[in-house]
Amino acid sequence: MNILVLCTGNSARSILLETLLNSHGTGRVKAYSAGSKPTGSVHPQSLALLAEKGHDTSAARSKSWDEFASEGAPQMDLVITVCASAEGETCPIWPGTPLRAHWGVEDPAAAASPDWDTAFRIAYDRLERRAQAFLNLPLEHINTDDLRQDLIRIGELP
């Protein structure tokens, strides 16, 4: 299953979830991340926290969703947005027919630099709970309707 995690800047939340899904997915899923308006660099606190947690960050980079809309790009089965739309942030919308889910998380990169550690840990913990709940599903055998309902439930996890 190919998963595209979208947010606006592709420097924090989407990078965290992409890494979590790939690290914990043990080959069951392949996650990618992108942004509708990428910053062009991964937030340094994302890299620091992921490294502290033992994740490989060598392939982490901020990129445009245009990469995944071009010819030859992997076809996505699922697109997850992680923007906190309730905060007035605009979520990117992915065209096409992949299954879609919204797992909104406040943007830790928007925190003041003295608050980065706490903000990034909160985002990481929330996204890790959601990634684990998703990966605990019988993805190889689940039907689309059940998966759609599970994705909604997972997106509501604290």
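Since the structure is predicted, the reported quantities are computational estimates derived from the model, not experimental observations.
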Where the side chain of [X] meets the backbone of [Y], is there a donor-acceptor pair that is under 3.5 Å apart?
X: R148; Y: L99; value: no
X: N2; Y: D77; value: no
X: S62; Y: G9; value: yes

Any chance you could measure [X], atom [atom1], to [Y], atom [atom2], to the nearest 0.5 Å?
X: D145; Y: D150; atom1: CG; atom2: CG; value: 11.0 Å
X: Q45; Y: L16; atom1: CD; atom2: CG; value: 10.0 Å
X: R28; Y: L135; atom1: CZ; atom2: CG; value: 6.0 Å
X: L127; Y: I122; atom1: CG; atom2: CD1; value: 12.0 Å
X: R130; Y: D125; atom1: CZ; atom2: CG; value: 12.0 Å

Tell me whether [X] shares a hydrophobic cluster with [Y], the cluster being built from Ile, Leu, Val, Met, Phe, Trp, Tyr side chains joined at under 4.5 Å.
X: F134; Y: L157; result: yes
X: I80; Y: I142; result: yes
X: L151; Y: L139; result: yes

On a heavy-atom basis, which atom in [X] and which in [Y] lie closest, and how many Å separate them?
X: N22; Y: V29; answer: OD1-O, 3.9 Å
X: S11; Y: S41; answer: CB-O, 3.3 Å
X: P38; Y: S36; answer: CD-C, 3.7 Å
X: Y124; Y: L50; answer: CE1-CD2, 3.9 Å
X: S14; Y: V82; answer: N-CG2, 3.8 Å
X: R61; Y: K63; answer: O-NZ, 2.9 Å

Just say parallel, tilted or perpendicular for the rings of F120 and H43, cut-offs at 30° and 60°.
tilted
Close side-chain approach of [X] to [Y], heavy-atom, < 4.5 Å:
X: T118; Y: D115; answer: no
X: I154; Y: L137; answer: yes
X: I15; Y: L47; answer: no
X: P98; Y: L78; answer: no
X: K30; Y: I3; answer: no
X: T39; Y: N10; answer: no
X: W103; Y: L17; answer: yes
X: S46; Y: R13; answer: no

Within 6.0 Å of NZ in K53, more than 12 heavy atoms from elsewhere:
yes
Should we count CD of E140 as having more than 12 external heavy atoms under 6.0 Å?
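Yes.
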So, are D117 and R121 salt-bridged, with charged N and O less than 4.0 Å apart?
yes
Give every residue pair that meets the ring pair (Phe, Tyr, Trp, His ring centres under 6.0 Å) criterion with at least one member in residues 7-33, sequence neighbours excluded.
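Counting only pairs at least two positions apart or across chains, the ring pair (Phe, Tyr, Trp, His ring centres under 6.0 Å) contacts touching residues 7-33 are H24-H55, Y32-F68.
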Between V79 and L6, does the side chain to side chain contact (heavy atoms under 4.5 Å, CB included) criterion hold? Intermediate values first, please.
CA-CA 7 Å; V79 174; L6 292 178; 3.7 Å; yes
